[in-house]
Amino acid sequence: EKKALVIMVSDLHAGLEAKNYFNAYNETILWERMNNYYKKVQEISNLYKPEKCVVVLCGDLINGALRTSNRLENNQNVIQQVMLVSDVLSNFISSLAYLFPYVSVYSTPGNHGRVFQNKEDSIDGENFDVLVSYIIEAKLKEHVNVFVYKYNEDDTFGTFKLFGKTYLFIHGDKDNPKDVASKFTMMIGEKPAAILMGHRHSNGYATYYDCKVIQSGTGAGTDRFAVDHRMNNSPEQIAFICDSNGVDCVYDIKLQGDFQ
């Protein structure tokens, strides 16, 4: 049976420099963690031999300037953050292009990439995360098997089809995992096979009304904001295999340490 691999990438918070009891994070560690992610993807690919790969960028790719604590932990300005994460993701997707016959890339912005700190002053879509897809497309133009989709149904969500089933993706700052399935089913007039989201910095998987809600964690790990709010989670992401029946197998992938 034909299969596809969906690779979720969320909450990388490029530009953040963290050093605390629970975590260390900077530009070098970001590259290392994405390299670890790729190694795990290779293992999954060798096992299932999927004919297609879908990369879903679920937002908060940069740390941005959302709050003062972010600015204090940033070791790069916002423009440098966009350049960094675009380089990291272009390298990641370029490697995938040699592994899979077809690679599709979808994205939706997060809250950390918004232009203004105050969300009341912000416009949906006016977000630095949006620029990343354009840069990736330009950098990967020599890969004829990579397709970057830059236009979604809305500035806050998008969909794609696999084996005739609809998959919906969001960042998650506007949504609750417990009712997101029922709300979007009513909103779009169709029940998705799965809803993909990030934002909460931990991997998660649940079923609501026969719709899978798959939450990808953070590539950055614990920062000062998390410590101050007594939260901690290891850097992790989610990838999953799907077929004509929908989601078949979910991989809870830890990004620290080497995969052999």
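For the numbers below, each heavy atom of this structure counts, side chains included, while hydrogens, waters and symmetry mates do not.
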Checklist entry - Could Lys161 and Glu190 be called an ion pair, given the rule that one side-chain N must be under 4.0 Å from one carboxylate O? => result yes
Do NZ/NE/NH1/NH2 and the carboxylate oxygens of Asp243 and Lys2 come within less than 4.0 Å? no
Q.
For the aromatic rings, using the six-membered ring if either is Trp, is the centroid distance between Phe92 and Tyr37 under 6.0 Å?
A. yes
To the nearest 0.5 Å, atom CE of Met197 lies from atom CG of Leu168 at 10.5 Å
Answer with yes or no whether the hydrophobic clustering places Val247 together with Ile253; edges join I, L, V, M, F, W, Y residues whose side-chain heavy atoms lie under 4.5 Å apart. no
| said: Under 3.5 Å, is there a donor on one side chain and an acceptor on the other for Ser107 and Ser133? | reply: yes
| field | Shared hydrophobic cluster, Leu96 / Leu57 (ILVMFWY, side-chain heavy atoms < 4.5 Å) | value | yes
Flag if over 12 foreign heavy atoms under 6.0 Å of CG, Asp210
no
Here the gap from Cys58 atom SG to Leu196 atom CG, rounded to the nearest 0.5 Å, amounts to 6.0 Å
Will you find, in the side chains of Lys212 and Thr207, an N or O donor that is under 3.5 Å from an N or O acceptor? yes
Answer yes or no: is there an ion pair linking Glu137 with Lys150, defined by an N-O contact shorter than 4.0 Å?
-> yes
**Prompt:** Can Asn232 and Thr222 be counted as having a side-chain donor-acceptor contact under 3.5 angstrom?
**Reply:** yes
To the nearest 0.5 Å, atom CG of Leu5 lies from atom CG of Leu162 at 10.0 Å
Side chain to side chain contact (heavy atoms under 4.5 Å, CB included) between Phe147 and Val103, worked out
CA-CA 6 Å; Phe147 306 91; Val103 180; over 6 Å; no
| task | Using modelled atom types only, decide if a donor and an acceptor are shared between the side chain of Arg200 and the backbone of Gly172 within a distance under 3.5 Å. | result | yes
From the list Tyr102, Tyr98, Phe100, ring-ring contact (aromatic ring centres under 6.0 Å, His included) with His143 holds only for Tyr98
Contacts of Phe160 meeting ring-ring contact (aromatic ring centres under 6.0 Å, His included) (sequence neighbours excluded), chain-then-number -> Tyr106, Tyr167
Shortest non-hydrogen pair, Gly15 vs Leu84, comes out as N-CD2, 4.1 Å
(request) Let me see the working for Lys183 and Asp175 under side chain to side chain contact (heavy atoms under 4.5 Å, CB included), right down to the final yes or no. (result) CA-CA 9 Å; Lys183 284 189 173 181; Asp175 303 281; 5.9 Å; no
message = Treating Asn77 as the side-chain partner and Gln80 as the backbone partner, does any N or O pair qualify as donor plus acceptor under 3.5 Å?
response = yes
ask   = Counting only N and O atoms by type, is there a donor-acceptor contact under 3.5 Å from the side chain of Asp60 to the main-chain atoms of Asn111?
value = yes
For Ala239 and Ile44, the nearest pair of non-hydrogen atoms, with its separation, is CB-CD1, 4.5 Å
The side chain to side chain contact (heavy atoms under 4.5 Å, CB included) partner of Val9 among Val56, Ile93, Leu89 is Leu89
field: Pairwise side-chain contact, Ser10 with Gln237, heavy-atom cut-off 4.5 Å (strictly under)
entry: yes
All heavy atoms of Phe169 vs all of Thr159, minimum pair found to be CE2-N, 3.4 Å
message = Using the rule given for side chain to side chain contact (heavy atoms under 4.5 Å, CB included), can you reason through Gln81 versus Val85, listing the C-alpha separation, both sets of side-chain angles and the distance that settles it, and then say yes or no?
response = CA-CA 6 Å; Gln81 293 173 27; Val85 81; over 6 Å; no
Could you check whether Arg114 pairs with Asp129 (Lys NZ or Arg NE/NH1/NH2 to Asp/Glu carboxylate O, under 4.0 Å)?
no
In short, Leu99 meets Ser45 closest at the heavy-atom pair CG-OG, 3.9 Å
Note to self: Between Lys174 and Asp124 (salt bridge meaning N to carboxylate O under 4.0 Å), is one present in this structure?
What the structure shows: yes
Quick note, ring-ring contact (aromatic ring centres under 6.0 Å, His included) partners involving residues 190-214, not counting sequence neighbours, are His13-His201, His171-His199
Here the gap from Met34 atom CE to Asn91 atom CG, rounded to the nearest 0.5 Å, amounts to 9.0 Å
NZ of Lys52 to CG of Asn145, rounded to nearest 0.5 Å, is 11.5 Å
Q) If you measure only the distance, is there a donor-acceptor pair under 3.5 Å linking the side chains of Thr218 and Glu236? A) no
What one should report as the nearest heavy-atom pair of Trp31 and Asp87 is CH2-O, 3.7 Å
Closest heavy-atom pair, Leu12 versus Gly219, reported as atoms and distance to 0.1 Å, is CD2-CA, 4.0 Å
> Where the side chain of Asp248 meets the backbone of Ile241, is there a donor-acceptor pair that is under 3.5 Å apart?
Replying inline: no
Output for pair (Ile29 CD1, Gln256 CD), nearest 0.5 Å, gives 8.5 Å
